[in-house]
J.: 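Submitted below is the structure of interest, expressed as structure tokens.
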Amino acid sequence: MSEPVGEAKLEVKQASKEVKESENVAEKYSAMTVSKNSEITMGELSTVFSAVPTHKPVKKQIQFVEDKQEFSRFPTKAGRRSLSRSISQSSTDSYSSAASYTDSSDDETSPRDKTQVNSKGSSDFCVKNIKQAEFGRREIEIAEQDMSALISLRKRAQSEKPLAGAKIVGCTHITAQTAVLIETLVALGAQCRWTACNIYSTQNEVAAALSETGVAVFAWKGESEDDFWWCIDRCINTEGWQPNMILDDGGDLTHWMYKKYPNVFKKIRGIVEESVTGVHSQHVSIMFLSRLYQLSKAGKLCVPAMNVNDSVTKQKFDNLYCCRESILDGLKRTTDVMFGGKQVVVCGYGEVGKGKHDECIDMDGFRVVKLNEVIRQVDVIITCTGNKNVVTRDQLDRMKNGSIVCNMGHSNTEIDVASLRTPELTWERVRSQVDHVIWPDGKRIILLAEGRLLNLSCSTVPTFVLSITATTQALALIELYNAPEGRYKQDVYLLPKKMDEYVASLHLATFDAHLTELSDEQAKYLGLNKNGPFKPNYYRYTFTHFKILKWGNILKLILTYCYCTRLFANT
């Protein structure tokens with residue numbers, strides 16, 4: 001019995017020795033850490049953090065005025081760098097939290113100061129890093145798998161080349177899904193030059209992949225305000241290339257061309273505008289589609305334009321379901337927040353606002369309130385109005401500790417971010433696109449994407465939804481470019497209902513939807529053509545959340561969504 005006891009004592013002694021050694025290692029590591037970190041004092045850390053709020057927003061605004069001096073010059077290179085750093089601490093960060101697979105880069109050189117050449121020897125582009133093209137190509141291939149309708153349109157029309165001779169200049173979010181659209185336009189015969197409609201939404205690797213194929217792309221994630229307009233100008237103003245079609249998301253490109261290049265603008269055959277807010281709000285504080293309608297009414301719109309934002313397929317998918325998924329994705333990626341039990345206020349109750357609900361207590365059919373009535377209780381505020389100063393400094397002062405504030409509208413003036421850049425408030429950069437704004441009493445508010453579009457700055461949007469949007473845009477371009485003279489005057493039009501329903505029909509296979517055609521008697525009774533369109537242009541669709549079985553062909557478009565309908569007057 002003595003032998004096992006001796007062994008046990010030896011094991012205990014050995015274990016005690018190992019514990020002491022591990023403690024010594026821990027003490028040694030702790031001492032090394034303290035020694036290493038002691039080089040940075042708390043005062044220096046305070047200086048670093050307090051440096052952020054001193055960034056001053058760009059105050060200069062560009063208006064629709066006759067004076068063109070606003071467009072006559074760009075800042076110097078030194079000025080560009082300074083402005084870029086003032087916009088965001090992460091403005092030169094090539095890593096995108098929005099599912100970017102490329103690694104982060106410490107290269108702070110502006111793409112405008114680099115000389116890059118693709119494999120074909122062309123330098124007619126300006127992206128973050130052309131070497132990321134291979135990664136971007138993989139993302140585009142993934143997107144193609146869930147954009148079957150757009151790929152189907154490409155295959156059906158590729159031999160006919162309906163866009164042969166079209167020279168399209170585009171200003172949209174540059175994502176993998178947009179790349180599928182651009183490459184579809186090229187396959188249909190168009191030449192394309194492209195830039196971004198948002199300084200944070202570009203996926204750098206996708207921009208590189210497009211540039212590698214020969215599409216002239218001028219965009220990168222984290223552009224400064226000057227970079228933004230410079231990129232637009234480079235897309236329009238290039239020797240030996242005259243654009244004749246515009247695809248815009250926000251109206252910035254149209255606005256720039258209208259004011260700076262009026263002779264070029266007069267030769268445009270058609271404009272396709274994607275966004276109802278339609279502005280880059282640092283510069284024009286009006287809704288651009290409204291501006292197009294105003295110009296048309298005044299007889300000053302010299303180009304036919306098509307408003308695809310109000311097409312049924314676009315609104316009922318992109319504005320509603322896309323926003324529902326992408327806003328939650330962006331919030332979870334940036335804050336790791338749990339939504340169960342949270343009180344969420346959505347400012348704005350259009351299609352975008354209706355899409356934002358999940359497991360939250362929110363506005364979707366339950367409560368419609370004034371923000372001041374609930375400002376002290378809410379956990380999350382999401383703006384999506386397209387207006388300015390929807391959330392004011394006074395309201396931000398009254399929010400509770402730990403609240404999250406973000407914007408989903410196209411413009412970046414909905415949250416009064418400028419009022420937060422004052423000496424009494426401290427800004428802490430937590431991670432890319434996430435800031436803590438700290439009040440003197442220690443209260444913290446989490447501000448996402450500096451008040452800019454959250455879902456495309458900090459996350460991605462569902463590819464299938466963008467297939468619907470992109471197909472709508474492609475058909476609108478084809479329609480305007482090929483329309484016989486006189487069909488479209490110098491006015492703003494909606495996408496023809498027949499084409500809207502065609503977009504829906506291309507997506508039926510994804511839902512495994514089977515349609516019953518109207519009989520001749522049924523069609524005559526309803527006064528419809530058996531092949532559509534099945535609703536007049538003024539008809540608006542509203543959906544409730546109930547599954548339905550297949551019904552008559554009169555519900556062809558509705559079956560695309562697999563939801564039943566009800567009609568509300570004037571909605």
Side-chain angles (χ1 to χ4, degrees), residues 198 275-278 281 287 309-310 314-396 398-400 402-417 433-434 445-462 465 540 542-545 563 568 571:
N198 184 290
S275 173
V276 67
T277 52
S281 59
M287 292 186 178
N309 179 77
D310 289 331
K314 195 274 181 187
Q315 278 211 346
K316 297 305 174 184
F317 273 95
D318 194 336
N319 290 17
L320 187 63
Y321 300 108
C322 170
C323 292
R324 173 192 299 177
E325 295 196 21
S326 61
I327 189 66
L328 295 174
D329 182 32
L331 281 163
K332 288 178 179 178
R333 290 193 196 207
T334 51
T335 65
D336 305 316
V337 66
M338 179 176 177
F339 286 95
K342 292 293 190 298
Q343 295 199 47
V344 179
V345 168
V346 179
C347 300
Y349 201 58
E351 298 300 336
V352 172
K354 293 174 186 176
K356 295 181 187 59
H357 67 278
D358 192 22
E359 304 166 48
C360 317
I361 305 170
D362 71 358
M363 288 176 54
D364 193 43
F366 300 112
R367 298 180 64 197
V368 178
V369 299
K370 292 182 178 180
L371 186 57
N372 281 333
E373 296 173 353
V374 295
I375 192 67
R376 295 185 184 277
Q377 290 80 43
V378 297
D379 301 291
V380 183
I381 290 180
I382 305 168
T383 60
C384 52
T385 67
N387 209 333
K388 66 180 297 186
N389 294 338
V390 177
V391 181
T392 65
R393 171 60 190 272
D394 176 66
Q395 292 166 333
L396 292 165
R398 289 185 285 142
M399 292 186 70
K400 65 182 182 181
S403 301
I404 300 171
V405 185
C406 62
N407 172 47
M408 184 66 177
H410 186 93
S411 58
N412 65 327
T413 55
E414 302 203 29
I415 302 166
D416 189 8
V417 176
Q433 311 291 301
V434 182
I445 296 294
I446 302 172
L447 178 66
L448 304 181
E450 297 179 353
R452 296 179 182 273
L453 187 63
L454 173 67
N455 69 328
L456 280 162
S457 296
C458 303
S459 68
T460 58
V461 294
V465 169
R540 296 293 297 261
T542 305
F543 302 95
T544 57
H545 300 273
Y563 291 103
F568 289 89
T571 60

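Position 1 is the first residue of the sequence, and the numbers go up from there. All figures in this text were calculated on a predicted structure; none of them were measured in a lab.
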J.: For the residue pair Leu396 and Leu447, establish whether any side-chain heavy-atom pair is separated by less than 4.5 Å.
T.: no
J.: Apply side chain to side chain contact (heavy atoms under 4.5 Å, CB included) to Leu371 and Ile381, showing your working.
T.: CA-CA 9 Å; Leu371 186 57; Ile381 290 180; 3.8 Å; yes
J.: Nearest 0.5 Å, please: how far is CD1 in Ile404 from CG in Asp379?
T.: 8.0 Å
J.: Identify the heavy atoms of Ile375 and Arg398 that sit nearest to each other, and give their distance.
T.: CG2-NH1, 3.4 Å
J.: As an exercise, state the distance from CG of Leu454 to CZ of Arg333, rounded to the nearest 0.5 Å.
T.: 10.5 Å
J.: Please confirm whether the backbone N or O of Lys332 pairs with a side-chain atom of Thr335, one donor and one acceptor, at under 3.5 Å?
T.: no
J.: Which heavy atom of Val346 sits nearest to which heavy atom of Cys384, and what is that distance?
T.: CG1-SG, 3.7 Å
J.: Once rounded to the nearest 0.5 Å, what's the spacing between atom CG of Asn372 and atom CG of Asp394?
T.: 7.0 Å
J.: Strictly distance-based, threshold 3.5 Å: is any side-chain N or O of Glu414 a donor or acceptor partner for the main-chain N or O of Thr385?
T.: yes
J.: Side chain to side chain contact (heavy atoms under 4.5 Å, CB included) for Leu448 and Gln433? Distances and angles first, verdict last.
T.: CA-CA 6 Å; Leu448 304 181; Gln433 311 291 301; over 6 Å; no
J.: Within the side chain of Asp416, is there an N or O that forms a donor-acceptor pair under 3.5 Å with the backbone of Thr392?
T.: no
J.: Of all heavy-atom pairs between Val417 and Gly451, which one has the smallest distance, and what is that distance?
T.: CG2-CA, 4.1 Å
J.: Using every non-hydrogen atom in the two residues, find where Ile327 and Cys406 come nearest and quote the distance to one decimal.
T.: CD1-SG, 4.4 Å
J.: Any side-chain heavy atom of Arg452 sitting closer than 4.5 Å to one from Asn407?
T.: no
J.: I'd like to know whether Val405 forms a side chain to side chain contact (heavy atoms under 4.5 Å, CB included) with Met399, so could you lay out the CA-CA distance, the side-chain angles of the two residues, the decisive distance to 0.1 Å, and finally the verdict.
T.: CA-CA 10 Å; Val405 185; Met399 292 186 70; 3.7 Å; yes
J.: Counting C-beta onward and ignoring hydrogens, is there a side-chain heavy-atom pair between Ile382 and Leu331 closer than 4.5 Å?
T.: yes
J.: Does Gln343 reach the side chain of Val374, with side-chain heavy atoms less than 4.5 Å apart?
T.: no
J.: For Lys400, is there any backbone N or O sitting under 3.5 Å from a side-chain donor or acceptor partner on Ser403?
T.: yes
